[in-house]
Structure formats: C-alpha cells, structure tokens
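Excluded from the calculations below are hydrogen atoms, water molecules and symmetry mates; all remaining heavy atoms, backbone and side chain alike, are included. It should be emphasised that the depicted structure is a prediction, and the values quoted were computed from it without experimental measurement. Within every chain, numbering begins at 1; the chains are lettered A, B, ... in the order of the sequence lines, protein sequences first and strands thereafter.
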Amino acid sequence: MNKIQNALEEIKRGCAEIIDEPRIEKLLTNYYENGENYFVKAGFDPTAPDLHLGHYVLIHKLATFQRFGGIVQFIIGDFTASIGDPTGKSETRKILNKEDILKNATTYKEQIFKILDKDKTNIVFNSKWLYELGIDGLISLASNMTVARMLERDDFSKRYKSNTPIAISEFTYPLLQGYDSVYLKSDIELGGTDQKFNLLVGRTLQKVYNVGKEQSVLMMPILDGLDGVQKMSKSLNNYVGLQDEANEMFAKLMSISDDLMWEYYNLLSIKNANEINQMKEDVKNEKLHPKKAKEDFAKEIVDRFHSDGDGEKAREEFNSIFQKKELPSDIKEVEIEDGTWIAKAIVIAKLESSTSAVRRLIKQNALKIDDIALNDENLKLKQGIYNIKLGKKRFVKLKVI
RNA sequence: GGUGAGUUACUCAAGUGGCCAAAGAGGGCAGACUGUAAAUCUGCUGGUUUUACCUUCGAAAGUUCGAAUCUUUCACUCACCA
C-alpha cells in the first residue's frame, strides 16, 4: 500500500460517512507530490467551559489530518454560540453572554493543544467575519436557503410537528456555519453525524459564492455518554471531562457497559483496528476478562490526559475502593458539632440535599458508619471520628467535636 | 389583529370541587446479584426530627367549609385565519 492509500485508510478509520472522498484523495496526492497543504475545518461552540471525550473524537481526527498535510482551522464559534446551535436540541437554547463565551474560549485553547500540533493549527473566532457580514450580507446569505429545505432537517421538522417553538435565529445557524467555510476557503470540514445538514450547507454556499471549491465532509459518529443511552454531554451529566481528575476519570470509564466499551475503543483508542478486534475475540472466547479490557482502556485514556503512570495509579485506587471495599485515600473531612443528628450531619457534609432524603436512604440500608449499616435514623453523633459511606460512591469523614 | 387549544414534579403524561404530595411511564437513587458493567428482582423518588405539619399543579386575585380542578386578569406556547 502506498503512502496516499495508507493515509486515506487512517483518515477513514472510525468515521461514519464521507461526502466527496475522491477530493480528499486528490488533496493527499497533491500533498505528497507537491508538498501543498490543505485546510481542515472544525467548529466548536464555546458554550461550556471545558471539553469532554465526545469532543475529543473530532479533535483526534483533526490530529490525524495534521499528520498528513492538513492545516487545522479550529473555529471558536463565539458568534454562533450566541445563537445556539439547534442541532439535537428539543428547544431553543439559552443565549450566553459575551464574557462567558470568551472565558470558555480561553479554556478551549488550553485544552486542545494536549492533542493538536500548534504549528499546524489556526485558531480563529468566527465573530471576526460574521460581524463584518452586516445586515445586507446576512439577508443575501439567507436568500440562498428556503424554509422548506430548513424544515427537511430532522430536528427542525420534529420540533415543528410536535409544536415546539423554533426561533428564526436558529434558522440562521446553518447559514452562518456554512459561511465560515466560504470565508476560510476550507477544503474539508469535520463534524458529528448530527451536523450533516450544517456541513452540507457549507458545500452549497461555497458553490454559490464561487469559492472555487466545494469542501469534502467527514462525519464522525456521536459518542454515547456513560449511560450508553444519550449522547455524551455536560448537561446530561454523562460525560468524561478532559480535565477530570485521574481517579475520577478512571472510575467514570469503568462504569460504562461492556458493549459501549468497544465503541469507545473504536473512537478513542490509539490501538489499531486489528488489535481491537483481537481483544473482542478474546473476550468472546473468555480468554480475556471484559473488566481487564475496560481497565486497559481507562488506563490508556487517563495516561493520555494526565501523565504516564497515572492510569495505573488510578487503577490501584479504584480496585482498593471497590474490590477490597477500602475507603478512598483522599476522603473529604467535615467537622460537626457534638450531638448533631446524623441526617443533619449528612446534609451539612453536602452528601445529600435534604434530611428527608437521608432518612429514606437509612431505611434502605444505604448508610454505613465505619462499615456497619446504620438502622437507627434518629442517631445523634457523639464525639469521635466516623467514616461515612452513603451508597456506593459517596464518602465523608465526620469529625464530631 | 381574530378564533380555538393548551401550560401539572427531572422529562413525558393522567387528574375537571373533598378519598391529591397528585395515577402511569421514562429517568434517577438505594438494596440484592455482580466485575461499582449489563440484564434481572425489590424498594424509594417535595420539605420538616415525620403516626403530624408545611409548601407545590404557568402568575396574581377571587368564589367556596374545602381548589390542580370553578371565575377573572396577566404571561407564555401552539394551530387555523389575516
């Protein structure tokens, strides 16, 4: 296999759909024969302060392109964030204020260079050219799209049918994202499969505005969240943040289902397809315990976002807590007054939000003091130190003084 | 602008004067079983030292012994017409 074919294989790995693949091949050929680079665009709305593993699927693919001559156009959608991408949303998104957007954007910059090559990355803010577009520009931009076509979009049509409001501003979102491609003269745009409509608008607009090229589109599957049901997102609290502390990151990854683990391997591991298939086979034949496979994956990810060896440390901590049922090493300590009612103390320690909830948990044998289940919900704490375990995951050390 | 329909807990959704802290489903939490996996079974899922009381059904005011339920005003959403 020659270099070009090899590069193409790497690029295609794990991706869901490619539109205009021959064009990508031409760009690669041109790179290898003439040393000419090309532009790969991906946009991120700075709507949350940090990125999670779901975003990493795309960023990883951008890094792959950088290895084969791609110059990354990393768009921080500061302007479009103020509209709110309607993709996958069932209702109009809240509009963020400027300060939050800028703050988030700064954190983004810090995080992506854990992965991307600085010399081959242009970070750009789309407010730069979208402000210049002006009202007349916007109107002529909007004349390139019909309401009927907009309503072809699955999420719009669903909302329309179910009588959920759609703001006109949301219709402008795909247009503005598409205009980014016009302004930047992108060759390839990356996005999730849910972005298909927006990505295709980019192609259409490049043609209308005579950019002289129509971008190829490469779509990656959407990473499922830890629950394995909905896509990974901060608001659903089923995400692994890139900045998560090592032990937490490890524990979160261990909680995914076995089926989902293969999906994660496929989209996030540096292991190649053959290795992954071999593991899958071994698990099936019971040569490899699925828990071991999951640990290896969790270790790989923790090592990548922290430093080498942190994954192994996290694994040891994890097993000591959950296998040997020991307490975590960095357990939170809270001081409590003598004679405090146990339920009140748990609320003070912020393990639960109400004493009613704690009462219920006590009735369900979920509260353990020094590893012994408490059955007296009226208990008042006397002086001393108590290790409290609430359910499987919540711990606190109470110092009663 | 006109006409009609609607707004119930985290989400969907029942309830149309008292038996309503409000059915059911999903989600979540907990217990059992496990590999803190999945699946399954069981229980819980407004608050308060809790056989009781307090605050909730878009907002406010009213009718009533008693209101999620009836009346009025307001806000918001949707459909049709313009």
Side-chain angles (χ1 to χ4, degrees), chain A residues 88-92 94 151 156-168 170 224-231 233-240 247-265 279-280 282-284 286-299 314-328 336-337 339-348 350-368 371-381 388-395:
Chain A
K89 297 289 172 210
S90 50
E91 49 191 77
T92 309
K94 277 181 214 134
L151 287 174
F156 279 147
S157 72
K158 266 187 202 149
R159 283 165 60 181
Y160 191 69
K161 278 179 197 146
S162 69
N163 296 341
T164 314
I166 302 171
I168 298 289
E170 294 181 75
D224 282 330
L226 298 174
D227 53 16
V229 180
Q230 283 172 289
K231 73 173 191 175
S233 87
K234 181 140 183 157
S235 54
L236 292 168
N237 197 28
N238 62 357
Y239 71 105
V240 178
N247 287 334
E248 192 187 351
M249 190 181 261
F250 192 91
K252 278 184 181 175
L253 290 169
M254 288 305 286
S255 78
I256 63 175
S257 74
D258 291 357
D259 288 343
L260 191 59
M261 167 174 73
W262 298 118
E263 178 77 359
Y264 276 42
Y265 255 117
M279 290 177 83
K280 235 175 171 168
D282 287 348
V283 167
K284 214 170 158 191
E286 296 186 6
K287 276 191 224 162
L288 177 67
H289 195 292
K291 191 192 174 200
K292 176 79 172 65
K294 208 180 283 174
E295 279 180 345
D296 286 349
F297 175 73
K299 259 164 70 176
R315 192 186 70 83
E316 283 165 17
E317 170 84 359
F318 180 83
N319 283 331
S320 85
I321 296 170
F322 295 109
Q323 225 164 43
K324 300 172 199 158
K325 307 224 183 222
E326 285 165 10
L327 294 167
I336 299 289
E337 252 178 70
T340 307
W341 176 36
I342 179 69
K344 198 84 199 167
I346 297 296
V347 173
I348 292 168
K350 295 196 174 125
L351 256 54
E352 257 301 344
S353 54
S354 73
T355 54
S356 298
V358 178
R359 267 170 191 275
R360 286 193 291 266
L361 287 167
I362 292 172
K363 279 186 191 132
Q364 296 178 100
N365 281 327
L367 192 142
K368 285 184 177 155
D371 224 30
I372 297 164
L374 176 71
N375 49 30
D376 173 17
E377 62 180 59
N378 292 318
L379 179 79
K380 290 198 170 57
L381 294 168
I388 306 287
K389 188 178 174 193
L390 191 64
K392 281 178 234 172
K393 297 171 201 170
R394 286 169 287 182
F395 304 92

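Note: CG (A:L351) to P (B:A30) measures 11 Å, nearest angstrom. For A:N238 and B:G27, the CG to C1' distance is 12 Å, given to the nearest whole Å. Atom C1' of nucleotide B:G28 and atom CG of A:L361 are separated by 12 Å, given to the nearest angstrom. Going from atom CG of A:N365 over to atom P of B:C33 covers 12 Å, rounded to whole Å. Atom pair A:D296:CG and B:A37:P shows a separation of 19 Å (rounding to whole Å applied).
Comparing the same atom, C1', in B:U3 and in B:U55 gives a spacing of 38 Å after rounding to whole Å. For B:G26 and B:U72, the P atoms lie 39 Å apart once the distance is rounded to whole Å. B:C74 and B:G2 have their P atoms separated by 12 Å, with the value rounded to a whole Å. Remark: the separation of the P atoms in B:U36 and B:U16 is 49 Å, to the nearest Å. Rounded to whole Å, the separation between the P atoms of B:G17 and B:U71 comes to 12 Å. With C1' as the reference atom, B:G31 and B:A23 are 26 Å apart, rounded to whole Å. The same atom, C1', is picked in B:A13 and in B:G6; the two are 14 Å apart, to the nearest Å. Atom P of B:C53 sits at a distance of 24 Å from the matching atom of B:A60, rounded to the whole Å.
Nucleotide B:C20: unpaired (no Watson-Crick or G-U wobble partner with both distances less than 3.5 Å). The partner of B:U3 is B:A79, judged by Watson-Crick or G-U wobble contacts that both fall below 3.5 Å. The partner of B:U45 is B:G27, by the rule that a Watson-Crick or G-U pair needs both atom distances under 3.5 Å. As the counterpart of B:A13, no nucleotide is assigned, since no Watson-Crick or G-U wobble pattern has both distances under 3.5 Å. Of all nucleotides present, only B:G58 satisfies the Watson-Crick or G-U wobble test against B:C74, with each distance under 3.5 Å. Figure legend. B:G35 is base-paired to no nucleotide; pairs are counted as Watson-Crick or G-U wobble with both atom distances under 3.5 Å.
One distance of note links NZ of A:K292 with CG of A:L288; it measures 7.0 Å at 0.5 Å rounding. Taken from CG in A:L361 to CG in A:L374, the straight-line distance is 11.5 Å, to the nearest 0.5 Å. If you take NZ on A:K368 and CD1 on A:I372, they are separated by 10.5 Å, rounding to the nearest 0.5 Å.
With sequence neighbours left out, the side chain to side chain donor-acceptor pair (under 3.5 Å) criterion links A:K291 to A:N319.
Using cut-offs of 30° and 60° for the angle between ring planes, the A:F322 and A:F318 rings count as tilted.
Side-chain contact between A:K363 and A:E377 is present, with at least one heavy-atom pair separated by less than 4.5 Å. Looking at heavy atoms from C-beta onward, A:K294 lies in side-chain contact with A:I256 at the 4.5 angstrom threshold. Counting heavy atoms from C-beta on, the side chains of A:L381 and A:W341 never come closer than 4.5 Å.
Side chain of A:Y264 to backbone of A:D224: a donor-acceptor contact under 3.5 angstrom is found.
With A:Y239 as the aromatic partner, A:K252 meets the cation-pi criteria of under 6.0 angstrom to the ring centre and within 45 degrees of the ring axis.
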Set out, line by line, the N/O atom pairs under 3.5 Å between protein and nucleotides 43-50 of chain B.
residue, atom, partner, partner atom, Å
B:G43, N2, A:Q364, OE1, 2.6
B:G43, N3, A:Q364, OE1, 2.9
B:G47, OP1, A:S354, OG, 2.8
B:G47, OP2, A:R360, NH1, 3.3
B:G47, OP2, A:R360, NH2, 3.3
B:U48, OP1, A:T355, N, 3.2
B:U48, OP1, A:T355, OG1, 3.4
B:U48, OP2, A:T355, N, 3.2
B:U48, OP2, A:T355, OG1, 3.1
B:U48, OP2, A:S356, N, 2.8
B:U48, OP2, A:S356, OG, 2.7
B:U48, O5', A:T355, OG1, 3.4
B:U49, OP2, A:T355, OG1, 2.9
B:U49, O2, A:N378, OD1, 3.0
B:U49, O4, A:K380, NZ, 2.6
B:U50, O4, A:S356, OG, 2.9
B:U50, O4, A:R359, NE, 3.1

What are the atom names and distances for every N/O pair under 3.5 Å that joins the protein to nucleotides 34-36 of chain B?
residue, atom, partner, partner atom, Å
B:G35, O6, A:D258, OD2, 3.1
B:G35, N1, A:D258, OD1, 3.1
B:G35, N1, A:D258, OD2, 2.8
B:G35, N2, A:D258, OD1, 2.8
B:G35, N2, A:K294, NZ, 2.7
B:U36, OP1, A:K291, NZ, 3.4

